[in-house]
Engineer: 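The structure's right below; bear with me while I get my questions together.
Keep in mind that what you see is a predicted model, and the values were worked out from it rather than measured. Letters A, B, ... mirror the listed sequences (proteins, then strands); counts begin at 1.
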There are 2 protein chains.
Amino acid sequence: MEEAILNILKRNQLSVTGSRQRILELFFGQQGALAHGDIEKRTGEKFDRVTVYRTLQVFLNKGIIHTIPTTDNSIRYALCKDECEEGHHHDNHVHFVCEKCENTVCLDEVTIPEISLPKGYETRQVEVIVSGVCKKCETGKR
Amino acid sequence: MEEAILNILKRNQLSVTGSRQRILELFFGQQGALAHGDIEKRTGEKFDRVTVYRTLQVFLNKGIIHTIPTTDNSIRYALCKDECEEGHHHDNHVHFVCEKCENTVCLDEVTIPEISLPKGYETRQVEVIVSGVCKKCETGKR
DNA sequence: TAATAAGATGCAACTTTGTTGCAAAATATT
DNA sequence: AATATTTTGCAACAAAGTTGCATCTTATTA
């Protein structure tokens with residue numbers, strides 16, 4: 001895993017720095033999405049707020065992470081599964097937001113169905129966000 | 001239309017005030033979605049920032065408007081077509097965001113297909129955001 | 001329709017979130 | 001090991017969002 005992180009950085013011609021390693025670790029450490037705030041909280045003592053902003057920005061540009069739209073003004077970020085090409089993501093998977101634990105996960109196994117729009121509209125990307133109750137909260141009813 | 005606005009307020013047991021009327025007018029005045037900022041700009045001289053926040057909050061609670069998730073930390077709001085019940089929205093339509101004119105519209109005529117999730121997940125709401133080029137920008141190529 | 005009760009508004013002060021420039025420090029390159 | 005390139009932290013700032021409270025407006029009732 002340590003390995004994997006270095007690979008990602010190398011592959012994207014990014015210099016290996018503490019903050020980049022740490023933030024990637026966070027993403028690997030849980031299979032959910034992270035908001036900027038989350039990351040800041042968990043690294044706050046080690047890195048400056050600004051560094052977190054800039055690191056996420058770099059990861060986005062390189063296609064290492066992608067954003068998940070939300071309704072609460074706190075964009076969430078998640079690792080891209082297959083490395084996306086720079087700039088262009090092809091994360092055509094569904095995002096799930098749990099109403100109980102507030103966790104957001106990528107459901108890579110669920111693909112997005114075709115959606116045909118009225119004439120004149122050109123589709124470029126489709127985002128699907130399903131909210132409800134997740135596996136853990138449902139079964140474990142914690 | 002003036003009529004329609006009063007109806008909405010009455011139906012929801014809201015007192016009729018200048019800001020509420022004005023903000024509803026804005027929503028009726030264009031069939032796209034509005035971000036908080038948009039509204040503030042177009043009413044800024046008349047109403048306080050805080051009033052706009054509070055008005056939108058009230059409209060949301062009453063189910064007069066609904067939010068549209070975005071990736072740019074600027075939630076957008078749109079009128080609910082059929083009045084939703086308080087608290088629960090059933091706006092199962094597709095949202096379209098134009099990359100050129102930046103406009104967001106509700107495509108009421110496009111319904112969201114069934115999406116079956118892995119076992120254990122309970123679906124409560126599905127949001128679909130399509131981005132691309134809208135009718136006007138495509139044909140008018142302005 | 002005047003008096004009162006209930007509710008909405010504006011203001012000020014504040015918190016939180018995001019941005020920018022620049023010098024110092026760390027990483028990469030030779 | 002020396003130099004060039006990047007990254008980081010800091011400070012200062014800008015923008016977005018929140019809260020309490022006094023004042024004003026809208027609704028209610030007699």
Side-chain angles (χ1 to χ4, degrees), chain A residues 2 5-26 33-62 64-65 67-77 86 102 104, chain B residues 2-3 5-27 33-62 64-65 67-77 86 102 104:
Chain A
E2 181 61 9
I5 288 177
L6 290 180
N7 270 342
I8 292 181
L9 293 177
K10 292 265 170 66
R11 194 185 323 153
N12 287 283
Q13 297 144 349
L14 293 174
S15 32
V16 177
T17 71
S19 70
R20 288 178 183 165
Q21 285 179 287
R22 186 74 190 82
I23 291 179
L24 283 180
E25 262 179 39
L26 282 183
L34 294 168
H36 175 94
D38 299 332
I39 299 172
E40 209 179 305
K41 267 175 221 142
R42 301 195 210 173
T43 62
E45 289 146 30
K46 293 216 140 194
F47 308 106
D48 195 75
R49 255 157 36 82
V50 179
T51 300
V52 176
Y53 279 109
R54 295 200 263 225
T55 303
L56 290 175
Q57 202 50 55
V58 168
F59 286 176
L60 267 184
N61 289 341
K62 291 291 186 175
I64 298 171
I65 59 177
T67 54
I68 304 170
T70 62
T71 320
D72 68 341
N73 267 354
S74 73
I75 304 177
R76 291 178 175 269
Y77 305 89
E86 197 152 324
E102 297 260 285
T104 301
Chain B
E2 180 62 8
E3 196 66 14
I5 288 176
L6 291 180
N7 271 341
I8 292 181
L9 292 177
K10 292 265 170 66
R11 194 183 326 154
N12 288 282
Q13 298 146 348
L14 293 174
S15 33
V16 178
T17 71
S19 70
R20 289 178 183 164
Q21 285 178 288
R22 187 73 190 83
I23 290 180
L24 283 180
E25 263 178 38
L26 282 183
F27 278 111
L34 294 168
H36 175 93
D38 299 331
I39 299 172
E40 209 179 303
K41 267 174 220 141
R42 301 196 209 171
T43 61
E45 289 145 30
K46 292 216 140 194
F47 307 105
D48 195 74
R49 255 159 35 82
V50 179
T51 300
V52 176
Y53 280 109
R54 295 200 264 225
T55 304
L56 290 176
Q57 201 51 55
V58 168
F59 287 176
L60 267 184
N61 290 341
K62 292 290 187 176
I64 298 170
I65 59 178
T67 54
I68 302 170
T70 61
T71 321
D72 68 340
N73 268 354
S74 73
I75 303 176
R76 292 177 173 270
Y77 304 89
E86 196 152 325
E102 295 260 286
T104 300

Engineer: Can you check side-chain contact (heavy atoms from CB on, under 4.5 Å) on A/Ile5 and A/Glu25, steps first, answer last?
Structural biologist: CA-CA 7 Å; A/Ile5 288 177; A/Glu25 262 179 39; 3.6 Å; yes
Engineer: Going 5' to 3' through nucleotides 22-30 of chain D, assign each nucleotide B (protein heavy atom under 4.0 Å from a base atom), S (under 4.0 Å only from sugar-phosphate atoms) or - (no protein heavy atom that close).
Structural biologist: ----SS---
Engineer: Is there a side-chain contact between A/Thr51 and the phosphate of D/dT7, meaning an N or O under 4.0 Å from OP1 or OP2?
Structural biologist: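 No, A/Thr51 has no side-chain N/O under 4.0 Å of OP1/OP2 on D/dT7.
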Engineer: Looking only at atom types and distance, does a side-chain atom of A/Thr43 sit under 3.5 Å from a main-chain N or O of A/Ile39, one as donor and one as acceptor?
Structural biologist: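 A pair under 3.5 Å: yes.
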Engineer: Counting side-chain heavy atoms from C-beta on, which of D/dT19, D/dT8, C/dT17 comes nearest to A/Arg49?
Structural biologist: C/dT17
Engineer: A/Asp48 has a side chain; which of C/dC11, D/dC10, C/dG18 sits nearest to it?
Structural biologist: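 Shortest atom-to-atom distance from the side chain points to D/dC10.
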Engineer: Using the C1' atoms of five pairs at each end, what's the angle between the two axes of the helix from C/dT1-D/dA30 to C/dT30-D/dA1, to 10 degrees?
Structural biologist: 40°
Engineer: For the pair B/Arg20 (side chain) and B/Leu9 (backbone), establish whether a donor and an acceptor sit closer than 3.5 Å, ignoring hydrogens and angles.
Structural biologist: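 It does not hold such a pair.
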Engineer: For the side chain of A/Arg54 and the base of D/dG9, is some donor closer than 3.5 Å to an acceptor across the two?
Structural biologist: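 Indeed, a donor on one side and an acceptor on the other fall under 3.5 Å apart.
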Engineer: Heavy atoms from C-beta onward define the side chain here; which of C/dG18, D/dG17, D/dG9 lies closest to that of A/Asn73?
Structural biologist: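 Among C/dG18, D/dG17, D/dG9, the one nearest the side chain of A/Asn73 is D/dG17.
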Engineer: Distance check: side-chain N/O of A/Ser74 vs OP1/OP2 of C/dT17, anything under 4.0 Å?
Structural biologist: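 For A/Ser74, the contact criterion (side-chain N or O under 4.0 Å from OP1 or OP2 of C/dT17) is not met.
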Engineer: Could you measure the distance from the CD1 atom of A/Ile8 to the CZ atom of A/Phe59? Nearest 0.5 Å is fine.
Structural biologist: 8.0 Å
Engineer: Could you tell me whether the side chain of B/Asp38 and the main chain of B/Ala35 form a donor-acceptor pair under 3.5 Å?
Structural biologist: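 Yes.
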Engineer: Is there a side-chain contact (heavy atoms from CB on, under 4.5 Å) between B/Val52 and B/Leu56? Walk through the geometry before answering.
Structural biologist: CA-CA 6 Å; B/Val52 176; B/Leu56 290 176; 4.1 Å; yes
Engineer: Just checking A/Arg20: base, sugar-phosphate only, or nothing, at a heavy-atom cut-off of under 4.0 Å?
Structural biologist: sugar-phosphate
Engineer: Mind calculating the distance between OH (B/Tyr53) and P (D/dG20) to the nearest angstrom?
Structural biologist: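 Taking atom P of D/dG20 as the reference, OH of B/Tyr53 is at 17 Å.
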Engineer: On DNA chain D, check which nucleotide each of A/Val58 and B/His36 is closest to and give me the residue with the more 5' one.
Structural biologist: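 Nearer the 5' end of the strand: A/Val58.
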Engineer: First locate atom CD1 of B/Ile68, then atom OG1 of A/Thr71, and finally report the distance between them rounded to the nearest 0.5 Å.
Structural biologist: 10.0 Å
